[in-house]
Structures are given as C-alpha cells and as structure tokens.
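Residue numbers start at 1 and run along the sequence shown.
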Amino acid sequence: MTETLSPARHYRDLAAKFTARVEAVPADRWDYPSPCEGWTARDVLRHVVDTQRQIVTVVGLELPAGPSPDTDPSGAWTTTRDGMQAILDDPRRAGLEYDGHFGRTTLAATVARFYNFDLVVHAWDLARAAGLDDTVDAEDLDFVEATARALGDSIRMEGVCGPAVEVPADADRQTRVLAHLGRRA
C-alpha cells in the first residue's frame, strides 16, 4: 500500500507509470489538447518537468540540465525523473528543510504529497490527450483521493485544480475522483 512506501520508493513507482505514458504518446500527438484547459499534452509534460526542477531549488539543489519538452519530450522527462530520484534516494538531500505553503517541511515530504499526486493526475491527462488507456490503478486512486481530502479547500488554489465537475451518481470511482479534481472523464 502506498502509505507505507518511502517518498523515494513511491516516486519511483509513480514515475515509472508516468514514464510509460510519456513513452506511449505518439510523436504527432504531443500538441493535442489535454484535459487541462488551454494546455496540450506537451504543456502538461512541461509543467511536470518545470515544477520538479523548481521545487528542488527551494532547498538549494538543482536537477541536471536536459533537453526541452519542445524538442525531446521523453528525454526532458527522463532527465528530470532521474535527477529527482537521485535526490530522493539520498536521505541527506531529501531531508533538506524549507518553509513551504503549509509550514516547515522537507523536500521529500513535499514530493511525497504534491509531486507524486501530480504524477498520477498528469499521467491521466497525458493519456487522455494522446488517446491512450487512461486507467488509474486503484492504489493510485486511493492516494490521490486521500491527498485531495487532506488538502481540503487548498486543492482549489490558483494553479492546482479547478472546480469539481458534477458526474452521475452511478459514475465509476475513477470518474468521481477525477471530477473532484475538475476533470471530465
């Protein structure tokens, strides 16, 4: 179960699933619209790459330079993923503290809560944009649902998730969870 996984191991697991989605996007579909209003599949990937590159800077770290999502989407993600994983695998670096939006925290705790959440949700966004299988594992839905619940109204902050979308009462769990995040399945 994901609650017992270390931030490094959980990131590794979710990053592998995200990588599979990135690698499955056909070259001609990177500029297809995503479920994120105004964003293409490439924009979703750029967001994931850029936010992960940015968060490590709050503790004085840097991820290795890599290709741009504009020229090499897979390479941009792989470089980012590998750099983040190396940091998370090093307890000294992963445990670096900073003052975050919700108070004093560590880089590992922030990745565990927010960036792992992004990997699940944005993997779905990529799949939808590219016309791939968009199934989210039940365990990952548990994690996303618990995280969204813990964030409460903060989930609606600018740049996080849009307003919840209404779905039929008999909608499946994945549809309900994603609708809570403002996504239409």
Side-chain angles (χ1 to χ4, degrees), residues 2-19 21-22 34-126 140 142-163 180-183:
T2 54
E3 296 123 34
T4 61
L5 294 180
S6 71
R9 187 166 173 208
H10 196 200
Y11 181 88
R12 182 177 287 109
D13 175 56
L14 296 176
K17 294 173 187 178
F18 189 82
T19 299
R21 295 273 170 89
V22 168
S34 80
C36 302
E37 189 174 333
W39 283 11
T40 64
R42 187 182 314 274
D43 294 329
V44 170
L45 178 65
R46 181 180 296 105
H47 164 76
V48 172
V49 167
D50 289 350
T51 58
Q52 289 193 21
R53 296 186 69 73
Q54 185 279 327
I55 191 57
V56 301
T57 67
V58 301
V59 294
L61 299 176
E62 195 172 295
L63 294 179
S68 166
D70 293 326
T71 56
D72 183 359
S74 186
W77 166 242
T78 300
T79 302
T80 301
R81 177 202 65 206
D82 293 351
M84 181 63 83
Q85 190 67 62
I87 289 170
L88 293 172
D89 286 341
D90 177 355
R92 183 190 59 77
R93 292 188 293 167
L96 291 170
E97 294 184 355
Y98 72 103
D99 291 316
H101 183 77
F102 298 105
R104 193 93 179 138
T105 191
T106 66
L107 178 61
T110 300
V111 171
R113 180 175 239 185
F114 302 107
Y115 294 87
N116 284 351
F117 176 90
D118 260 12
L119 289 177
V120 176
V121 176
H122 291 314
W124 182 85
D125 293 333
L126 283 179
D140 296 339
D142 292 343
F143 168 68
V144 167
E145 192 170 38
T147 300
R149 191 176 324 109
L151 289 171
D153 291 339
S154 296
I155 197 86
R156 306 286 173 227
M157 290 184 332
E158 180 69 30
V160 182
C161 291
H180 178 71
L181 305 178
R183 282 157 170 83

With sequence neighbours excluded, residues passing side chain to side chain contact (heavy atoms under 4.5 Å, CB included) with D50: R46
Whether Q85 side chain and A8 backbone form a donor-acceptor pair below 3.5 Å: yes
Q54 meets the side chain to side chain contact (heavy atoms under 4.5 Å, CB included) criterion, sequence neighbours left out, with T57, V58, Y115
Sequence neighbours excluded, the answer for side chain to side chain contact (heavy atoms under 4.5 Å, CB included) partners of F114 is F102, T110, L151
Are K17 and D13 close enough for a salt bridge, meaning some N to O gap below 4.0 Å? yes
Write down the atom of R183, the atom of C36, and the distance for their closest heavy-atom approach. NH2-SG, 3.4 Å
Under 3.5 Å donor-acceptor, R53 side chain and T80 backbone: no
Which heavy atom of Y11 sits nearest to which heavy atom of V111, and what is that distance? CD1-CG1, 3.8 Å
Just jot down the salt bridge (Lys or Arg N to Asp or Glu O under 4.0 Å) partners of R113, sequence neighbours excluded, or say none. none
To the nearest 0.5 Å, atom CG of L96 lies from atom CG of L61 at 5.5 Å
Non-hydrogen atoms of Y98 and L107 that approach each other most closely: CE2-N, 4.2 Å
Considering all heavy atoms, the nearest V22-W77 contact: CG2-CD1, 4.1 Å
Distance (rounded to the nearest 0.5 Å) between W39 CH2 and H47 NE2: 4.5 Å
Partners passing salt bridge (Lys or Arg N to Asp or Glu O under 4.0 Å) against D89 (at least two apart in sequence or in another chain): R12
For R21, which residues count as a side chain to side chain contact (heavy atoms under 4.5 Å, CB included) partner, sequence neighbours excluded? A123, A127
Does any donor atom in the side chain of H122 or D125 lie under 3.5 Å from an acceptor atom in the other side chain? yes
Donor-acceptor contact present, side-chain T79 to main-chain A76, <3.5 Å: no
